[in-house]
Undergrad: 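So that we are looking at the same thing, I have put the structure below in structure tokens.
We count ligands from 1, going down the list as the structure has it; atoms in each ligand are counted the same way.
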Amino acid sequence: METAYYYDRLIHLYTETRSDWQKWHEAGKKGLLACAVCGEAVKLYLGIKTKPHFYHASNLEACVMEAAPAVKETAATAEYEETNGFRLPKSRSISTTSSVPELSFKEPKIIKTTCDTVTLHHTDSQRADTYLHALSRSGVHLDDFQSKAVTTNDKAVLVVAGAGSGKTRVLTARTAYLIHEKEVDPASIMLVTFTSKAALEMKERLMKYPDMTKSIISRIVSGTFHSILYQILLFHEPDKWKRTNLLASNWQKELALKEIGTELGIDMKDFPIDAALQLIGAWKNSLQFPNEIKPASDWEEKVLPLYKKYEERKHIKGLYDFDDMLVGGYYFFLENPMILETYQNRFSHFLLDEFQDINKVQYEWIKLMSQKAESVYAVGDDDQAIYAFRGSDPKYLLDYEKDFTNAKVIYLQNNYRSTNEIVAAANEVIKINKNRRPKKMAATYSGGNPLLFYPYDEEEEATMIVTDIVEKIQAGAEPKDFAILFRTNTNSRAMFERLSSSSLPFRLEQDSGSFYSRFIVRSMLAYLKLAVDPDDQHAVSNLLPTLFLKKSVLQDLKALSILEDCTLADGFAKIKTGFAFQESKLKKMPAAFQKLKSASPIDAIAYVEKELGFQDFMKKRGNEGNQWDKGSDDLRDLKVVAKKFSTIAEFVAYTDHMIAMNTELKKQYQDTKNAITLTTIHRAKGLEYKTVYILGTVDGSIPHEYALEAYRNSDTQPLEEERRLLYVSMTRSMEKLYVSIPMHLRGRKAKTSRFLNAVKLADLPKDEI
Ligand SMILES: Nc1ncnc2c1ncn2[C@@H]1O[C@H](COP(=O)(O)OP(=O)(O)OP(=O)(O)O)[C@@H](O)[C@H]1O
């Protein structure tokens with residue numbers, strides 16, 4: 001059915017405003033839609049594959065579309081007119097006979113792949129080595145590439161392990177092989193992993209290998225660069241590196257930077273400290289020290305003095321952070337050649353995981369340590385290098401043969417994780433990158449094609465995904481089978497909200513707080529909150545910076561409200577700042593709050609923006625900060641939500657509820673193993689899921705706007721890293737991959753990610769709908 005009653009208005013799906021579908025979907029859930037034939041409650045179906053339609057919640061076959069009356073009345077369009085400072089929607093009549101609007105439902109497409117684009121590499125059961133025989137008998141099968149990688153005798157080896165090619169298997173088998181077949185003392189093996197979890201996982205896997213014992217495994221030196229170096233430093237310089245001197249938490253570093261910034265006269269309120277710390281970390285990991293840096297942008301210029309003082313402060317106070325473990329460790333060995341020699345003599349075999357994400361200090365340290373080693377064995381995938389912003393550099397993997405003479409490079413090109421169709425599509429995307437080792441992954445089994453779908457915007461995207469997950473769970477899937485991947489935390493807002501209002505268990509893997517607590521968002525919401533509650537102190541303190549007023553004005557307002565018996569909102573008119581222009585602006589505030597009270601949230605936001613100086617504030621403050629998050633994006637995102645509400649009271653109550661849910665749900669599902677994963681692509685690295693959804697695959701999101709900006713300035717590296725991010729996200733999927741291409745993002749028309757130009761599309765086969 002394509003028609004239904006919304007209250008007493010007859011609506012038609014394919015002749016009315018496309019942007020209303022989400023509103024109607026929600027109305028259906030609240031029982032506000034009725035069948036145009038029988039009057040029974042109906043809902044609006046918004047899923048990925050099947051065309052949207054109204055359906056009876058109780059009986060699917062109850063009425064047929066033909067019986068529905070024709071739509072005659074007028075419908076709102078996306079056009080607006082200005083009245084008294086508010087933007088109000090203009091009405092325009094349409095009829096059922098009008099042509100289908102531009103934004104009708106866009107059918108999903110599949111990524112077309114031909115089976116001969118990838119050929120399966122054959123595996124070989126002939127094992128020359130006794131230990132590999134034993135491994136095979138115990139269930140650890142290795143293909144030809146893997147066997148070759150495990151048994152190589154070369155001194156410097158680079159295993160280029162494509163996505164899902166079993167690098168963990170190879171690393172663990174290689175470790176066991178060295179011990180059992182080559183009789184290497186486990187204590188002379190150093191196994192470096194990207195995370196402590198990976199080190200633990202490898203030890204657990206090793207336990208299942210033939211002739212492995214706990215005591216053998218415990219003698220292997222394994223862990224992250226940080227943990228290994230820290231143990232060494234703690235052993236040699238226990239006082240300097242004692243635990244109590246560590247700035248272990250982010251908040252400790254943030255506090256230090258905040259104090260330094262204030263000392264330097266920088267306004268640190270809402271300064272993006274996390275991004276500054278990230279840049280400082282990247283500099284340190286690339287062994288760039290404050291006096292040598294030539295800032296390459298305004299942002300770098302801003303952070304450089306903070307970096308300098310931050311280092312000085314730690315030095316004076318005898319403190320250190322995680323990056324110091326690496327830099328300190330490297331210089332410790334440079335300055336103590338005798339100790340260096342002891343370690344060089346001790347470690348004969350270095351095994352290095354995730355080599356594509358190694359940074360300069362780690363690399364230099366390994367080169368130093370391994371000068372006398374029998375083998376340096378690096379495993380990584382240049383197509384999965386995604387940590388440049390932290391100082392990692394794939395060039396070490398790309399230039400391996402230049403740095404390690406006579407290095408042998410072995411490729412693992414069988415992907416055991418994903419279907420042929422997913423692997424082929426991912427190959428097509430990544431092969432456009434120039435800065436890579438050419439390779440082509442081959443899959444080991446076939447399945448369904450990856451699918452592209454086209455929601456109207458991020459709201460509809462979230463709804464479609466939830467519908468799809470619910471259907472799959474009803475058909476037997478489990479919540480843990482699903483991952484929803486997004487580029488940056490702000491891309492997860494709508495998805496988080498939709499999952500929160502469903503009963504699906506999900507885990508949000510992110511550190512940042514709620515979208516509604518972000519600087520620009522809470523500043524704008526402060527106006528709306530004061531319109532609803534003129535005595536909301538919290539709102540006043542969030543609003544003051546937008547009017548360029550000091551924090552202390554809150555105290556003045558409180559005093560005024562008592563002395564003059566008025567609300568805090570009315571008090572604005574009586575504030576004395578000493579600047580005539582500012583005071584005359586403040587005088588208008590109480591009337592403005594009154595006006596806002598009766599406006600719809602979207603009109604109210606437009607009014608605050610244009611009439612109350614918020615746009616000026618945004619220009620001066622909102623876009624401050626780093627290249628990833630922009631205040632203007634947040635405001636546009638807020639408008640997308642605002643459109644869904646007709647009163648400010650409802651809207652602000654919703655935002656408060658979402659802030660509470662952010663904390664609540666994090667706690668609720670923290671330990672639930674069987675939950676949907678909602679995570680950034682970065683955090684999904686190394687993981688695999690049966691079904692993966694990629695959100696917002698449009699230009700400006702993937703690739704991120706900062707990479708496009710760099711590209712416009714002739715720097716292609718960030719764009720290549722963004723392409724790798726798409727590759728990593730595609731290859732997390734084992735069986736089903738859904739790529740979402742919203743037609744609008746943050747209220748603006750969006751364009752399909754340029755990365756998808758590399759794939760060929762076809763219609764979804766009828767039997768798959
Ligand atoms: N020879 C093999 N035969 C069958 N399955 C294998 C083989 N090698 C690896 N696998 C399986 O393939 C999957 C992918 O392996 P693994 O997670 O080690 O890949 P990876 O190289 O680390 O992937 P990525 O780099 O994409 O995270 C795992 O489920 C693993 O058990």
Undergrad: Does some non-hydrogen atom of R732 fall short of 4.0 Å from ligand 1?
TA: yes

Undergrad: Per the ring-ring contact (aromatic ring centres under 6.0 Å, His included) rule, what does the pair list look like for residues 165-223, sequence neighbours excluded?
TA: Y131-H180, F194-Y387

Undergrad: Using a 4.0 Å cutoff against the non-hydrogen atoms of G162, which atoms of ligand 1 qualify?
TA: 21 (O)

Undergrad: Can you pull out every salt bridge (Lys or Arg N to Asp or Glu O under 4.0 Å) where at least one residue sits in residues 429-439? Sequence neighbours excluded, please.
TA: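 Qualifying pairs, neighbours excluded: D381-K439, D382-K439, D383-R436, D383-K439, E401-R437, E428-K431.
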
Undergrad: Can you tell which part of K685 has a heavy atom less than 4.0 Å from ligand 1: side chain, backbone, both or neither?
TA: neither

Undergrad: If the cut-off is 4.0 Å to any non-hydrogen atom of A163, which atoms of ligand 1 fall inside it?
TA: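 Result: 26 (O).
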
Undergrad: Provide, to 0.1 Å, the distance between atom 19 (O) of ligand 1 and the closest protein heavy atom, together with that atom's residue and name.
TA: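 Heavy-atom neighbour on the protein nearest atom 19 (O) of ligand 1: G166 N, 3.2 Å.
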
Undergrad: Under 4.0 Å, counting heavy atoms only: does A161 come that close to any atom of ligand 1?
TA: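 The answer is no: ligand 1 sits nowhere under 4.0 Å from a heavy atom of A161.
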
Undergrad: Among D699, I741, V698, which residue satisfies the side chain to side chain contact (heavy atoms under 4.5 Å, CB included) criterion with S753?
TA: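 By the side chain to side chain contact (heavy atoms under 4.5 Å, CB included) criterion, S753 pairs with just one of D699, I741, V698: D699.
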
Undergrad: Please state which option from K167, Q146, R205, R169 has its nearest heavy atom closest to atom 6 (C) of ligand 1.
TA: R169

Undergrad: In terms of atom number and element, which parts of ligand 1 are under 4.0 angstrom from non-hydrogen atoms of H141?
TA: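 In order of number, 1 (N), 2 (C).
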
Undergrad: Which of these, G686, G164, S165, S147, has its nearest heavy atom closest to atom 24 (P) of ligand 1?
TA: G164

Undergrad: Nearest heavy atom to atom 29 (O) of ligand 1: which of Q356, E688, R417 does it belong to?
TA: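 It is E688 whose heavy atom sits nearest to atom 29 (O) of ligand 1.
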
Undergrad: Above 12 or not: heavy atoms from other molecules or residues under 6.0 Å from OH of Y711?
TA: no

Undergrad: Hey, which of V379, V159, V160 is the one that makes side chain to side chain contact (heavy atoms under 4.5 Å, CB included) with L412?
TA: V159

Undergrad: Is it true that R724 and E721 make a salt bridge, defined as a side-chain N closer than 4.0 Å to a carboxylate O?
TA: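 Salt bridge between R724 and E721, a charged N being under 4.0 Å from a carboxylate O: yes.
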
Undergrad: Parallel, tilted or perpendicular, judged at 30° and 60°: which one describes the rings of Y693 and F482?
TA: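 The rings of Y693 and F482 lie parallel, inter-plane angle below 30°.
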
Undergrad: Among protein heavy atoms, which lies nearest atom 11 (C) of ligand 1, and at what distance?
TA: Y416 CB, 3.7 Å

Undergrad: Just to verify, which of I110, T419, I422, V759 counts as forming a side chain to side chain contact (heavy atoms under 4.5 Å, CB included) with P450?
TA: I422

